[in-house]
Protein chains: 2
Amino acid sequence: MLKNGKSVLLDVNSRRYYCQVELAMDLLGGKWKGVILWYLQGDTLRFTELRKRIVTISEKMLIRELRELEKAGLITRKVYPEVPPKVEYSLSDFGQTLAPLLSAVSDFGMSYALKFGQQVEE
Amino acid sequence: MLKNGKSVLLDVNSRRYYCQVELAMDLLGGKWKGVILWYLQGDTLRFTELRKRIVTISEKMLIRELRELEKAGLITRKVYPEVPPKVEYSLSDFGQTLAPLLSAVSDFGMSYALKFGQQVEE
DNA sequence: CCGCATCCGGGAGGATACTG
DNA sequence: CAGTATCCTCCCGGATGCGG
């Protein structure tokens, strides 16, 4: 894989990216996608279960981000034809390859908090 | 470090985060910060050199993001008192710890492009 | 060379109410 | 339960022009 500041020119979804990091941030950026993917790590969760874990997200944002992640091929949406409805979200096979990335992001968040903030006791 | 979908409650810069990933995305999110950090990996660059590498960024965004990264303690800004001015940006010691994260992001961007897009020959 | 000031549009993101 | 639909606000990000 590429090292240091090396980058390549890419065309994906009829969009041009001048750096692979730019593409990655376009797919994973924003306020919520990383958090959603983190909670889906190793877990299959229903819509409401996700809502409960990500306490501050609105329904609109959660469903929008889930749709985009599905469109990007990173998560799988499974619908059970029942009443009341049951929908389960999980990482796709390709989404599983995000494991090292998500670990690195989580680790960075923790070490930043340890350095500059406080962990809150509940 | 934390695994899977585990998260902690954090207070940083008088802001509350309900997940360490949320904090990390707040620090590194947006369109440009990841790319800037990627180019500063192993390199010390002047303002204009950064502009040349990130062809599509505007001056306003570049300077804004650089300021925020500096405030977050991830990069160092060194000013040489000369005429004409000379300013160099580099990763701080703490910013260096982003190496595995940036590698994972770059790798993911590349593998996504290989799977869903094309690399463009110049 | 390295910025800052200003104006502007669009979309991210939130709040609330409603539905199959 | 798992979403839609609507309305609204804010600020990201672009474009342009100036200044030490």
Side-chain angles (χ1 to χ4, degrees), chain A residues 13 15-19 21-23 25-37 39-40 43-72 75-90, chain B residues 13 15-19 21-23 25-37 39-40 43-72 75-90:
Chain A
N13 304 330
R15 272 211 49 186
R16 168 151 294 188
Y17 298 92
Y18 293 85
C19 172
V21 175
E22 195 186 338
L23 165 61
M25 295 309 293
D26 199 22
L27 292 167
L28 306 176
K31 190 172 178 179
W32 298 115
K33 290 201 181 70
V35 180
I36 294 172
L37 292 167
Y39 281 111
L40 290 179
D43 243 326
T44 294
L45 295 176
R46 300 177 63 171
F47 184 81
T48 305
E49 291 171 333
L50 264 174
R51 268 219 76 178
K52 277 184 220 158
R53 304 201 187 197
I54 313 176
V55 277
T56 50
I57 198 172
S58 67
E59 286 188 352
K60 189 184 82 171
M61 288 312 297
L62 180 54
I63 193 62
R64 178 192 291 179
E65 305 289 277
L66 285 170
R67 295 275 194 262
E68 292 180 6
L69 290 170
E70 188 191 5
K71 194 173 171 188
I75 67 173
T76 303
R77 178 172 179 271
K78 182 170 184 182
V79 181
Y80 295 85
E82 306 174 0
V83 177
K86 178 179 177 183
V87 179
E88 286 182 343
Y89 294 93
S90 57
Chain B
N13 304 331
R15 273 212 48 187
R16 167 150 296 188
Y17 298 92
Y18 292 84
C19 173
V21 175
E22 194 186 340
L23 165 60
M25 295 309 293
D26 198 23
L27 292 167
L28 305 177
K31 191 172 177 179
W32 298 116
K33 291 201 181 68
V35 179
I36 293 172
L37 292 167
Y39 281 111
L40 290 180
D43 244 327
T44 294
L45 295 176
R46 299 177 64 172
F47 184 81
T48 305
E49 291 170 335
L50 264 173
R51 269 218 74 178
K52 278 185 220 158
R53 308 206 182 192
I54 314 176
V55 277
T56 50
I57 199 172
S58 67
E59 286 188 351
K60 190 184 80 172
M61 288 312 298
L62 180 54
I63 193 64
R64 179 192 292 178
E65 305 291 277
L66 285 170
R67 294 276 193 263
E68 291 180 7
L69 289 171
E70 188 191 4
K71 193 173 171 186
I75 67 172
T76 304
R77 178 173 180 270
K78 182 168 184 183
V79 181
Y80 295 85
E82 306 174 359
V83 178
K86 177 179 176 182
V87 180
E88 286 182 343
Y89 294 93
S90 58

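Letters A, B, ... are given to chains in the order of the sequence lines, protein chains preceding strands, and every chain is numbered from 1.
Contact annotation: Arg64(B) side-chain N/O to dC12(D) OP1/OP2 distance is under 4.0 Å. An OP1 or OP2 oxygen of dC1(D) is reached within less than 4.0 angstrom by no side-chain nitrogen or oxygen of Arg46(A). Within the 4.0 Å cut-off from OP1 or OP2 of dT4(D), at least one side-chain nitrogen or oxygen of Arg67(A) is found. Dashed line: the shortest gap from a side-chain N or O of Tyr89(B) to OP1 or OP2 of dG3(C) is under 4.0 Å. A close approach under 4.0 Å does not occur between any side-chain nitrogen or oxygen of Ser58(B) and OP1 or OP2 of dG13(D).
Taking the nucleotide of DNA chain D with the nearest heavy atom to each of Thr48(A) and Glu68(B), the more 5' of the two is matched to Thr48(A). Two residues, Pro85(A) and Gly29(A), neighbour DNA chain C, and the one matched to the more 5' nucleotide by heavy-atom proximity is Gly29(A).
The CG atom of Leu50(A) sits 12 Å away from the C1' atom of dA2(D) (whole-angstrom rounding). One can place CD1 of Ile57(A) at 9 Å from P of dG13(C), the figure rounded to the nearest angstrom. Distance CZ (Arg51(B)) to P (dA15(D)): 10 Å, rounded to an integer number of Å. As rounded to whole Å, 5 Å separates atom P of dC4(C) from atom CD1 of Ile63(B). Per the geometry, CG belonging to Asp26(B) stands 13 Å off C1' belonging to dG13(C), to the nearest Å. Note: CG (Leu66(A)) to P (dG3(D)) measures 8 Å, nearest angstrom. Put simply, CG on Leu62(A) is 14 Å from P on dA15(C), counting in whole angstrom units. Rounded to whole angstrom, the span from the NZ atom of Lys31(A) across to the C1' atom of dG11(C) amounts to 15 Å.
Screening Thr56(A), Leu37(A), Leu69(A) for a side-chain contact (heavy atoms from CB on, under 4.5 Å) involving Trp32(A) leaves a single residue, Thr56(A).
Closest heavy-atom contact between Tyr39(B) and Tyr18(A): OH-O, 4.1 Å.
When distances are taken from the side chain of Phe47(B) to each of dG3(D), dC1(C), dG3(C), the shortest belongs to dG3(C).
How far CD of Glu68(B) is from CD1 of Ile75(B): 10.5 Å, rounded to the nearest 0.5 Å.
For Lys33(A) and Glu65(A), the salt-bridge test passes: some basic side-chain N is under 4.0 Å from an acidic carboxylate O.
Side chain of Glu49(B) to backbone of Leu45(B): no donor-acceptor contact under 3.5 angstrom is found.
A donor-acceptor contact under 3.5 Å is not formed by the side chain of Lys60(A) with the base of dG3(D).
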